[in-house]
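Have a look at the structure below, then the notes.
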Amino acid sequence: MIIGGPSSQLLAGRVAAVLGEELALCEYRTFPDGESYTQVVASLEERVIIIQSTPTDQDLVYLLQLLDICQESSIDLVVPYFGYARQDKIFKPGEPMTARAVATALNPFLRRGKVHLVNIHAPSILSHFSCPADNLDATPLLADKVASLGLKDLVVISPDKGAVAMARTAASVLGADCDYLQKTRLSGTEVSMAPKEIDLRNRDVVIFDDMIATGGTMATAIEMLRAQGAARVYLAAVHPVLTGSAVLKLYRSGVEGILATDTLDRGVSTVSVAPIIAKALLKG
């Protein structure tokens with residue numbers, strides 16, 4: 001039985017379709033005082049699969065409620081977008097490691113199951129789970145989508161050294177050149193970004209990253225790449241967080257298109273991670 005949380009209903013339906021499994025009917029609502037309410041309107045099976053991203057605190061509460069409902073079953077938990085993944089370190093005294101705190105809150109329900117995450121921002125988070133946990137890579141799926149665009153003389157760019165591994169994976173799938181943006185501080189308020197090695201003039205470019213949040217830094221990078229002669233610039237990201245006016249910023253900067261997966265259900269979510277989730281679930 002597959003149970004889709006409120007932030008992952010579309011993806012849960014796609015995974016159920018790939019696996020040919022039952023998709024449970026659930027009810028989600030919010031009481032007038034702001035409290036969340038969840039009901040699974042079905043008889044639970046011995047093994048259940050819960051699919052729920054946690055982009056907001058309320059989504060995390062919904063996930064905890066689903067886990068509590070299903071605690072007598074063996075649970076495989078899929079968290080396509082794991083909220084608080086960027087709070088994986090303690091920088092100052094008195095700070096929490098919130099990613100660890102979230103994993104610790106989920107652990108009591110997962111004694112007989114497994115956790116599947118997708119392109120987690122910090123792989124070290126996997127170690128905070130008391131059950132087996134894996135990190136699924138959606139980069140090849142995004143690369144396949146890029147391949148369908150028919151781009152010419154393509155260069156795959158990482159926005160920084162942190163996403164180089166992802167960019168290299170995509171470049172390998174696409175048979176393209178790969179580079180990363182090197183930042184140079186020109187003054188206290190001005191920063192320049194340019195590829196470290198490759199001349200991009202008259203070449204199509206795709207920037208690969210694990211997530212797009214506010215879009216500010218990425219918009220600046222797109223503007224600079226276009227000023228440096230790139231023909232067309234696309235953006236490919238696994239997690240389209242896209243807060244506030246992020247999409248407007250990106251298109252205003254001159255991006256040709258935004259490609260993202262359905263770990264979060266957004267208008268740019270044109271690539272489904274259902275196949276890699278289904279494959280991982282079949283492995284058990």
Among residues two or more places apart or on two chains, list those pairs meeting ring pair (Phe, Tyr, Trp, His ring centres under 6.0 Å) that have a residue in [range].
range	value
residues 28-79	Y28-Y62, F31-Y37
residues 141-164	none
residues 78-126	Y81-H239

Exercise. Looking at residues at least two apart in the chain, or sitting in another chain, which of them share a side-chain contact (heavy atoms from CB on, under 4.5 Å) with T104?
Worked result: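 T104 satisfies side-chain contact (heavy atoms from CB on, under 4.5 Å) with R100 only.
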For this session: Using the test side-chain contact (heavy atoms from CB on, under 4.5 Å), find all partners of A122 that sit at least two apart in sequence or belong to another chain.
Result: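 For A122 the side-chain contact (heavy atoms from CB on, under 4.5 Å) partners, ignoring immediate neighbours, are D88, S124, I125.
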Partners meeting side chain to side chain donor-acceptor pair (under 3.5 Å) with [X] (sequence neighbours left out):
X	value
S130	N107
T56	D59
D265	none
T98	Q87

For this session: Can you sort out the partners of F208 under ring-ring contact (aromatic ring centres under 6.0 Å, His included), two or more places apart, ordered by chain and number?
Result: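 Expected list: none.
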Problem set entry | Test ring-ring contact (aromatic ring centres under 6.0 Å, His included) applied to Y251 - qualifying residues, sequence neighbours left out |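 Testing Y251 for ring-ring contact (aromatic ring centres under 6.0 Å, His included), a comparison that skips the adjacent residues, returns none.
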Hey, can you pull the donor-acceptor pairs under 3.5 Å for the side chains in residues 155-170, sequence neighbours left out?
{"residue": "S158", "atom": "OG", "partner": "D160", "partner atom": "N", "Å": "3.3"}
{"residue": "S158", "atom": "OG", "partner": "D160", "partner atom": "O", "Å": "2.3"}
{"residue": "S158", "atom": "OG", "partner": "V164", "partner atom": "N", "Å": "3.3"}
{"residue": "D160", "atom": "OD1", "partner": "G162", "partner atom": "N", "Å": "3.0"}
{"residue": "D160", "atom": "OD1", "partner": "A163", "partner atom": "N", "Å": "3.2"}
{"residue": "T169", "atom": "OG1", "partner": "A165", "partner atom": "O", "Å": "3.1"}

Exercise. Do K114 and D76 meet the salt-bridge criterion of a basic N to acidic O distance under 4.0 Å?
Worked result: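 A salt bridge is absent here (no side-chain N lies under 4.0 Å from a carboxylate O).
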Exercise. Is D153 salt-bridged to R203, cutoff N-O under 4.0 Å?
Worked result: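 Counted as a salt bridge, because a side-chain N and a carboxylate O are separated by less than 4.0 Å.
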Problem set entry | For I222 against G254, the heavy-atom pair lying closest together |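 Nearest heavy atoms, I222 then G254: CG2-C, 4.0 Å.
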